[in-house]
Protein chains: 2
Amino acid sequence: MELVEFKVKFQESIARNESIVFFCSCEIAYSGRAEAFLARGDRIIVVKADNTLLIHQPEGGNPINYMRPGSKIELQQLDSHLLLKAQNLDSKDYIDMQIFRVYSFMSHKLEDGIKQELAGNEKDMSDMIKDHPEIISPEFKPLSREEHTKFGFIDVFGHDKKGNIVIVECKRYTASLQCVTQLRRYVEKISELKGLPLERVKGIMASPSISTNALDMLKKWGFEWKQVNPPKRLERYNRDQKTLSVF
Amino acid sequence: MELVEFKVKFQESIARNESIVFFCSCEIAYSGRAEAFLARGDRIIVVKADNTLLIHQPEGGNPINYMRPGSKIELQQLDSHLLLKAQNLDSKDYIDMQIFRVYSFMSHKLEDGIKQELAGNEKDMSDMIKDHPEIISPEFKPLSREEHTKFGFIDVFGHDKKGNIVIVECKRYTASLQCVTQLRRYVEKISELKGLPLERVKGIMASPSISTNALDMLKKWGFEWKQVNPPKRLERYNRDQKTLSVF
DNA sequence: ATATAGATCTCGTCA
DNA sequence: TGACGAGGTCTATAT
């Protein structure tokens, strides 16, 4: 496609507030939170109606360059090619994209606004533990599942039969050193706030697995690990895949 | 565009190993690491040559749904519409996408393979401190900038004039509680490995800013904060923007 | 394969 | 607006 034709189409689509996608050969410079340069190659460019800019290489899941929603995007004619400039005043960064060839162009006014429903995240896992505390221990009595309180962002908070405070930190994946230090921080904070000795505040890590180093550190600090699988994992995949293979 | 026509084009493009983009009205179900459902709306669909699937709403920076590279992607004809099925055997998850209307379709064989050059990340920041230790303190003598050693992932490691060990943790953004506990973990580990009392291992957080709570915790544990801006930040933006305004 | 931490992380949520 | 933590996080690197 001729660059002149592309430029006209691009400007028209922008004026109509459409979403735009095109394939091109380009070279990209980014400056802002970091500095980046990407030499010439073929890429997929997306300009959304909210002025998000995405630059994808033909392989890989993540954009190689991007500008966040609300960027100022404009196309300039240079001597032999085009310059697409995107600038974000909030994040104080910008992209300069030299466009040498455009292979295809597409634009359309898109109507959406639907929000996705999601299940199986960490919140669901802590809900499950709150509703079925025997997963953790027959002695565990949860009091609350509150994340943003004066005590901090604790997943499940409760006590045992001996009157100790119990703090449960849930992770949907293998618990790491970082996860254990997070639990430690909560235990120390509660101990301080309640004026209780550390021995009276029990920390429990609930996760499907835990790294060796993390388990060592956990034990060293007197915490426990309880193997808990996040809800709806794998079982549903296997069930559904059986159904699908009948297709 | 007629669904039948779309289906033919899609299959042809897949067979030629091209990258594909289309606008459509669709409904999406995801199952795997979580369960998600997205009701009908207009979206931008990208199918890359490496069998990455990206589903974008007309607003927002991130894909609302995706499948990683190497997924099995196929298009089936149902009674009144199409079903795009994507499945990833490694991550054991899948997407079922009901396609009701296709507005535009585009495909092209793209040639790239260029790697991006990037500067200004945390590694560059620790390099800067290693090369200019006076940024931290006139007494700081860096010994190494090694991230993956038996000591752990320490950004800059050194000592002061009194023979204390000094550990510097760099962050290119506001240091949080988590960053401080990370530093604490390193200090404790070095203290243990070297058989030195905690007072002989100094922790320093180097970041452009730090949250109030994080600073409190830092002081409580006897660590220091040193304001350090990551290299090439802002100065270059301002300089470049001056140049650009002359344009 | 597992472990660990950074990321131009992004995003939501709450004080 | 800042702070804090989750994320279908992803990606790179070292063991």
Side-chain angles (χ1 to χ4, degrees), chain A residues 30-36 52 55 60-69 88 91-95 115-116 118-126 146-150 152-155 169-179 182 185-186 209-215 230 232-233 237, chain B residues 30-36 52 55 60-69 88 90-95 116 118-126 146-150 152-155 169-179 182 185-186 209-215 230 232-233 237:
Chain A
Y30 165 78
S31 180
R33 286 170 286 177
E35 314 280 325
T52 300
I55 299 163
N62 281 359
I64 188 69
N65 282 113
Y66 59 91
M67 292 292 281
R68 293 152 93 169
N88 192 302
S91 47
K92 287 193 177 178
D93 49 4
Y94 64 87
I95 281 175
K115 292 216 168 171
Q116 186 164 230
L118 198 137
N121 50 15
E122 196 180 276
K123 187 172 173 296
D124 292 327
M125 192 172 166
S126 62
E146 40 194 354
E147 295 182 27
H148 301 271
T149 69
K150 56 180 175 176
F153 304 86
I154 292 163
D155 289 338
E169 175 62 31
C170 305
K171 293 293 167 191
R172 314 170 58 228
Y173 306 118
T174 305
S176 65
L177 289 172
Q178 197 179 73
C179 302
Q182 186 183 350
R185 184 150 49 83
Y186 296 156
S209 57
I210 186 166
S211 76
T212 314
N213 290 337
L215 186 59
K232 292 190 189 176
R233 173 103 176 84
Y237 176 84
Chain B
Y30 164 79
S31 180
R33 283 173 286 182
E35 313 282 324
T52 299
I55 298 164
N62 281 0
I64 188 69
N65 281 114
Y66 60 89
M67 292 292 280
R68 294 153 96 171
N88 192 301
D90 298 325
S91 48
K92 288 193 178 177
D93 50 5
Y94 64 87
I95 281 175
Q116 185 163 232
L118 197 138
N121 51 15
E122 197 179 276
K123 187 172 172 296
D124 292 327
M125 193 172 164
S126 63
E146 40 193 355
E147 295 181 28
H148 300 270
T149 69
K150 56 180 175 177
F153 306 86
I154 292 163
D155 289 336
E169 175 61 32
C170 304
K171 293 293 168 189
R172 49 205 302 287
Y173 44 84
T174 304
S176 66
L177 289 172
Q178 199 177 72
C179 302
Q182 186 183 350
R185 183 151 49 83
Y186 296 157
S209 56
I210 186 166
S211 77
T212 314
N213 290 336
L215 185 58
K232 293 190 190 176
R233 174 111 174 79
Y237 175 84

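Here is the naming used below: chain letters follow the sequence lines, and residue numbers restart at 1 for every chain.
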| task | For C/dT10, take OP1 and OP2 only and decide whether either is under 4.0 Å from a side-chain N or O of A/R33. | result | yes
| Pairwise P distance for C/dT8 and C/dT4, with rounding to whole Å | 23 Å
| said: If I compare all heavy atoms of A/D155 with all of A/E169, which pair ends up nearest, and what's the gap? | reply: OD2-OE2, 3.1 Å
| task | Go through the steps to decide whether A/T52 and A/Y66 satisfy the test side-chain contact (heavy atoms from CB on, under 4.5 Å), and finish with yes or no. | result | CA-CA 8 Å; A/T52 300; A/Y66 59 91; over 6 Å; no
| said: How many whole angstroms separate atom CG of B/D90 from atom P of D/dT11? | reply: 13 Å
| said: What is the separation between atom CD on B/E35 and atom P on D/dG7, rounded to the nearest whole Å? | reply: 14 Å
| query | What nucleic acid atoms does B/Y66 come within less than 4.0 Å of, heavy atoms only: base, sugar-phosphate, or nothing? | reply | base
| Between B/A214 and B/A175, what is the shortest heavy-atom contact and its length? | CB-O, 3.6 Å
| message | Nearest heavy atom decides the nucleotide; on that basis, is A/P69 or A/Y30 closer to the 5' end of DNA chain C? | response | A/Y30
| Intra- and inter-strand pairs of DNA chain D in dot-bracket (Watson-Crick or G-U wobble, both distances under 3.5 Å; | for another strand) | |||||||.|||||||
| query | In Å and rounded to the nearest 0.5 Å, what is the OG to CD1 distance from A/S126 to A/I154? | reply | 12.0 Å
| request: Pick base, sugar-phosphate or nothing for A/K171, based on heavy-atom distances below 4.0 Å to the nucleic acid. | output: sugar-phosphate
| Quantified in whole Å, what is the C1' atom distance between nucleotide D/dG5 and nucleotide C/dA7? | 15 Å
| said: Expressed as a whole number of angstroms, how long is the span from B/D124:CG to C/dG6:P? | reply: 14 Å
| task | For A/Q116 and B/N65, work out which heavy atoms get closest and say how close. | result | OE1-OD1, 2.8 Å
| said: Applying side chain to side chain contact (heavy atoms under 4.5 Å, CB included), can you list everything that pairs with A/N121, at least two apart in sequence or on another chain? | reply: A/L118, A/K123, A/D124
| remark: What one should report as the nearest heavy-atom pair of A/S209 and A/T174 is OG-OG1, 2.7 Å
| query | Of all heavy-atom pairs between A/S91 and A/R68, which one has the smallest distance, and what is that distance? | reply | CB-NH1, 3.6 Å
| query | Within a strict 4.5 Å, meaning less than it, do heavy atoms of the B/F153 and B/Y186 side chains meet? | reply | yes
| query | If every non-hydrogen atom of A/P69 is compared with every non-hydrogen atom of B/G61, which pair is closest and at what distance? | reply | CG-N, 4.1 Å
| query | When the distance from CG of A/N65 to P of C/dA7 is rounded to whole Å, what number comes out? | reply | 16 Å
Restricting to nitrogen or oxygen on both sides, can you table the protein-nucleotides 2-4 of chain D pairs closer than 3.5 Å?
| residue | atom | partner | partner atom | Å |
| --- | --- | --- | --- | --- |
| D/dC4 | OP1 | B/N213 | ND2 | 2.2 |
| D/dC4 | OP2 | B/S211 | OG | 2.6 |

| request: For the side chain of B/N62, starting at C-beta, report the closest nucleotide among C/dT8, D/dG8, C/dT10. | output: C/dT10
| task | Name the nucleic acid region contacted by A/E169, choosing base, sugar-phosphate or nothing; use a 4.0 angstrom heavy-atom cut-off, strictly under. | result | sugar-phosphate
| Which nucleotide in C/dC9, C/dT8, D/dG8 has an atom nearest any side-chain atom of B/R172 | C/dC9
| said: Classify B/M67 by what it touches in the nucleic acid, base, sugar-phosphate, or nothing, heavy-atom distance under 4.0 Å. | reply: base
| request: Using the P atoms only, state how far D/dG8 lies from C/dA3, rounded to an integer number of Å. | output: 22 Å
| Hey, does B/N121 reach any base, or is it just sugar-phosphate, or nothing, if we go heavy atoms under 4.0 Å? | sugar-phosphate
| message | Would the distance check show the side chain of B/Y30 and the main-chain N or O of B/R33 forming a donor-acceptor pair, the cut-off being under 3.5 Å? | response | yes
| In whole angstrom, what separates B/Q116's CD from D/dT11's C1'? | 13 Å
| Separation of atom CD in A/E122 from atom P in C/dG12, rounded to whole Å | 17 Å
| Is B/Q182 near enough to C/dT4 that one of its side-chain N or O atoms lies under 4.0 angstrom from OP1 or OP2? | no
| Want to settle it: does B/G60 or A/A36 sit nearer the 5' end of DNA chain C, counting the closest nucleotide to each? | A/A36
| Which whole-number value in Å describes the distance from A/D93 CG to C/dT10 C1'? | 14 Å
| query | Whole Å only: how far is the CG atom of A/N88 from the C1' atom of C/dT10? | reply | 13 Å
